[in-house]
Every structure is written in structure tokens, then in C-alpha cells.
Amino acid sequence: MSGSVLEIKDLHVEIEGNEILKGVNLTIKGGEFHAIMGPNGTGKSTLASAIMGHPKYEVTQGSILMDGEDVLEMEVDERAKAGLFLAMQYPSEISGVTTSDFLRSSINAHREEGDEIPLMKFIKEMDAAMDYLEMDKNMAQRYLNEGFSGGEKKRNEILQLMLLQPAIGILDEIDSGLDIDALKVVSKGINKLRSESFGCLIITHYQRLLNYITPDYVHVMMQGRVVKSGGPELVERLESEGYDWIKQELGIEDVTVGK
Amino acid sequence: MAIETKETYGKEYIETFSQQKSEPNWMRKFRLEAFDRSESLAMPKPDKTNITKWNFTNFKHQSEAEESAIESLDQLPSDIKVFVDTEKEDQNFVLLRNQVAVYETLDPTLVEQGVIFTDIFTALEKYPELVQRYYMKEAVAIDEHKMTALHAALVNGGVFVYVPKNVVIDKPLQAIFWQEDQELALFNHVILVAEENSSVTYVENYLSQNNEQETVANIVAEVIAHDNASISFGSVDHFARGTTVYMNRRGVAYRDATIEWALGQMNDGNTVSENVTHLIGDHSVSYAKAVSVGRGDQTQNFTAKIVNHGKHSNGIILQHGVMKDSSSAIFNGIGKIEHGGTKANAEQESRVLMLSKNARGDANPILLIDEDDVTAGHAASVGRVDPVQLYYLMSRGISQKEAERLIIHGFLAPVVNEIPITAVQEQLTQVIEGKVN
């Protein structure tokens, strides 16, 4: 099976009247790993949230297509069913709903009514993925993200990614707040998904995640646009030289937007 | 049709009714005195809810239906049977159908230990002195207002639970009050007494289907925990739309005693429900947990109140309500620490989740403290389903409806999970499901 294609064209996004994205163009295909880098406040997370349909972000111009279908016309759950997945930087805490119940509802949402995943099969799959991510099994019975440490929340996002196996995964600063051991485990989970049918967009402002997950393409965002694209060699240059050379090249003084 | 109270249910009626039930003389006198008092007493005035136009008079006091005993629980209709763990044998169970006891069973070893679990009329007949000792004495008084007086005058059902000293009951006791007759009023009286060092779990269910026919439920539960006793009291109230409900559940805890409440307040009609616990003894404890769902155009008023009298007494209130359609509800949370209750603790949390624009919910936290050396706290909130939570759940493919359902169940889970009988817990979940969808 060949993968899906996510196309982002001239995307403009506002939050509370402030324009954050000012014309983003990006195409991600199955089998490709893309990294978006850039300093804080340049619109990276806004891009992720706008693709998934966060209620606070308003798309004012441009389009997002998933295999040619208009994503902006879809409700959030329809976007997920079309194959999109966002591992969030700040996942919500949902009191009273166990992680296990939530995972099962999520898996069943992708299946036809009457074809729900058998309980034993679900538990087996969940246990296997939790083992792979070196997670405490008790977490399944705890309320969703409630009282989870930063690291537990990130692992829980990757757990969902592994169980739902989307066509396109977007990882929004999945490395922030992780110690090196946790980072390795999370990377292992993401790398396991690498295949022709899985495309991935990795948002980070640290290079270190990309030591464990090698991207095929690297993009740099500043001022709400993709200002530079290249291959993995771009990561190395950013690691050694930082962002200043790009700013100089483009004549940018303040990289941020919407302030 | 049912008939106005005054004309039909006067002193003459009460006297005859009491005789038919072969009640002891004290009970007959008690009823008549209560009736006299009811005529001059005013109606209760629940905070911020006007009940003056509610139906408290249109009802029928007895059902014409002849109730015959039920041989086994398998004979129960399915909507009652779901509340019972019928697979488990040796259950402790009382079923009142139209206020007539049709099924009673109690583990013989408990009977040997002196445990009493029977309907109120049988208790009055067999243990008149014991009933008299507790009947509207320590917890609820007949003259609090018109409703308590009318209750005392017209009691037509209930159960009596008595747990002797040092008896620890592992299996829960369950009572089901099934108002099958659509016009029948439930003047139900529950007494639960746990003697020193005893322990008991009791769960009750109220059920009716009268969506159109009007009637009244005027219910008093008196729960007494003697020194070092422990009582866990669970309920699912599910009267239909036609029943106006006045519910008064009151606890009294003596030294080192604990009373835990887990109340599922799921009535569909107008309801005033108050749950008050007096922590009389030093080191006594009460956890009062309640959930409710309002729907349609019903109006409800809930009070959860704990009064700390004893030193080091600890009262914790948690009430969560979900409001939809054009229903409205007031959630009063009252923590009161009396003078002398040093080192007492009064905590409360009231949360209301609004599901529609037309629904109204009001959390009303009150702390009344008459002692210096105490701790107290309150938290209250009224809000809508968080759109970011919905977004998170939906981003995994879950539909908005299912996401809302998960959030609502999660919101009510802290109380639902406390219900002691699995079958009842599952039924409460079903009832909630039915009410929120």
C-alpha cells in the first residue's frame, strides 16, 4: 500500500485576530519524515494545531488537502479518520476517563460499528505497545493524563500513535521535557512506524531529537513561513551554527510572529 | 384521579390506616399528632428555589392493586431485575412494590447475630420498642416544617435496618422501592441503626414510570452510627417526571463513627433533596458524595450539609451535577462547624457541568464556622464542556457525541464508582446514559 499525501498550500492562520501563519507551503507523503525546526514563537505549533483543527485557530486563507480531500471542511474526528494524528505538546487531562477506556474508544472510532476490537485483542495490543515504550502498566487504569508527569504524557501520546497507526503523524515538540532515556524510548516508538504507508512531520526546536530520528527533509520556520528547506545535512549546520546565518541570509531581525 | 390531601387523608383516614396496619398505639398517636402539627407548619423554603407551585397535594395514598409475594427474584420484571445481582445467592434484599413488602431475604447467619432488615410495618409489629427508640428522634423531627409533619402522619412504607453491637456485615443490604402504581405516593421511612463497633453497607433504589400521572414522594431516611460504627449508604433515585420529590436523608455519627453517602440523584421530576449529617462525636467522619443529572424542564434543589459538633470531626462534601435542556438546579454545599468542634475539618466541592444554553445550574458554597482552631475549604464551579478537551478526544477519531459522553461520565465517575453494589453501579451508569443522551 502506498501512503497518503498531505498538502498544505499558502496557509494563513489567526489566533484571536493575530495572524500567526503567513503562507505555509508543505507536502508530506507516505514514507517521508519531515522535520520542522525554528526558534520559539515562529508558528511551528500553530501549524500542527491548524492541521488538526484546534478550536482556537482560524484558517483565513489557503488549503489543506489529505489525498485530495479538503481537510478544512472536516470536523476534528473526521480528520483523524482520514488518517491524521497529532501528538500534542499539551495533551488535555480528562478526569474520570481511564486511559485504557479512551484508547479503546479511539481504536473503535476507526472501526465500523459492530466490528469493535475484541477486548482481549485490545489488551494484548495495548500491553505490547506499553512494553515497547517501557511504560508502567498501571497507567492504563489511571485517568487520562491526570497527574501524569511530562514524560508520561509524551509516552502516552506515542502509545496512541502506535495503536492508531495513522497515515500521517504530526509530533508537536514531543521531545520537550524528556530526559535522554525517555527521548530514546519515544524515538524508538516513532521509528518502529517507519514504512511506505506512514508519513511524519516532526516539530522541534532542539536538534537532539533528530539524532535519534533521521528526517528525510528539514524545514526551518520563521515569521510564520517556511524560510528554508533541505535534507538532513541542514540539521547539522543548524546544530553547529544556530539560526543566525539564515536570519542574515534573509535579512530577518525578529524571527517571531504575532507579538 | 387522585384526590386532594385535606379532604381524603385527614385524621379519620389516618386512624383507619394505622389500624389496618395493626400499628402500636404510640405510632397511631404519633401520626395523629404529626397531622395536627402539619396544619399549622409552613412549607420548607429551599434556598433560591420556589416550590410553591409544585404538586404536593395531588396523590393517592394506597394502591388498590393486590400485591402478592414474589417467590424468587427471577420473577421480577426486567427493569427491576437489572438492579439486582440475581446470580449471587444469599442476598440481603427487601423489595417493596407499591409500598407492600413482596420479597424479603436476609442471610440466616445475620439473623442469628440479631441483624434486622425488614419493611417498616413488620418492624413496627415485631420490634415496636426498638423502632420507637429511633423513629424521628435523633435525626429528623416531625415539626421541622410541613413536609416532615405530613411525612410522619402519612408514612406508608419503608425499611428498618438494625445492626447489633460488634456485628460486621460484609455483603451489602439492598432495598428497592418500586412505585408501580402510577399515582401512588411514597411516604417512605428508612431507619438504619448501626450499634457500637458495627459495620454495614446499604443501597436503596427508587423507581417509577409515571411520566404523565402526578404524584408525590415524601421520603425520610434516618441513619444513626453509634460509637465506632461504620455505615456506607448508597442510592439511585429514579422517580419519573410526574413525581414531585421531597427527599430528606439525615445522618448522625457518634464518637469515631463514619457515615459515607454515595447518592445518585436521577429523578426526572421536580425535586428537593437534602442530605445532612451531624458529626456529634469526637473523631467522627462523613463523606457525602452525590451526583445528579437535570433534563427536560425539571427544577431541582440539592443540599449537602455536614455539621461538625465533635472535636477532630471530619466532613467532606463532593457534589457533581450535569444540567441539560432547560432544567435548572441549585447545589447548596454547607459546612458548619459548631462551637467546641476544635480541630474539626470541613471540606466541600461542588461542580456543575452545563450542556445547554437554556439549562441553569448554581453552586452555592457556604461555610459557617463558630470555632477558631479548625480547617475548612471549599471549591465550586459552573462551566461548560471544555472545547479543548473535546478537541483532544476528537483528534483521535472519537465523535463529538461520544467525546461528550466520555467527559460527562468522567465528570460523574468520582461518585458513581463509590456505589457499593456492582449491579446498582452499572444501573446508575445506564440511567445517566439515558438521561444525558
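The sequence lines fix the lettering, A, B, ..., with proteins before strands; numbering per chain opens at 1.
Counting heavy atoms of neighbouring residues, nucleotides and ligands inside a 6.0 Å radius, atom CD of E69(A) does not exceed 12 of them. Counting heavy-atom neighbours within 6.0 Å of K29(A) NZ, excluding the residue itself, gives a total of 12 or less. Counting heavy atoms of neighbouring residues, nucleotides and ligands inside a 6.0 Å radius, atom NZ of K124(A) does not exceed 12 of them. The environment of N191(A) atom CG is dense: over 12 non-hydrogen atoms of other residues, nucleotides or ligands sit within 6.0 angstrom.
If you measure heavy-atom distances from F411(B) to chain A, the contacts under 4.5 Å come from the backbone alone. Heavy atoms of Y143(A) lying under 4.5 Å from chain B belong exclusively to its side chain. Heavy atoms closer than 4.5 Å to chain A are found in the side chain of N417(B), but not in its backbone. Heavy atoms closer than 4.5 Å to chain B are found in the side chain of L164(A), but not in its backbone.
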Should S395(B) and L86(A) be marked as a side-chain contact (heavy atoms from CB on, under 4.5 Å) after you check the CA-CA gap, both sets of side-chain angles, and the distance that decides it? CA-CA 7 Å; S395(B) 77; L86(A) 171 60; 5.7 Å; no

Checking V388(B) against H54(A) for the side-chain contact (heavy atoms from CB on, under 4.5 Å) test, could you report, in this order, the C-alpha distance in whole Å, the side-chain angles of both residues, the deciding distance, and whether it holds? CA-CA 7 Å; V388(B) 177; H54(A) 189 291; 4.1 Å; yes

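For residues 350-363 of chain B, an interface with chain A (any heavy-atom pair closer than 4.5 Å) does not exist. Taking non-hydrogen atoms and a 4.5 Å limit, the residue list of residues 103-113 of chain A in contact with chain B, ordered by number, reads S105(A), S106(A), A109(A), H110(A).
Here Q160(A) is the residue among Q160(A), K56(A), E78(A), K81(A) with the most heavy-atom pairs under 4.5 Å with chain B. Ranking A80(A), P166(A), A82(A) against chain B, the residue ahead of the rest is A80(A), based on heavy-atom pairs under 4.5 Å.
When each of L393(B), L406(B), D386(B) is tested with I94(A) by the rule side chain to side chain contact (heavy atoms under 4.5 Å, CB included), just one qualifies, namely L393(B). The only member of M52(A), M88(A), E93(A) that meets side chain to side chain contact (heavy atoms under 4.5 Å, CB included) when paired with Y392(B) is M88(A).
The line from OG of S49(A) to OH of Y391(B) is 4.5 Å long, rounded to the nearest 0.5 Å. For the atom pair Q389(B) CD and L144(A) CG, the distance stands at 9.0 Å (nearest 0.5 Å).
A cation-pi arrangement is found for R396(B) relative to F85(A), the charged atom lying closer than 6.0 Å to the ring centre and inside a 45° cone about the ring normal.
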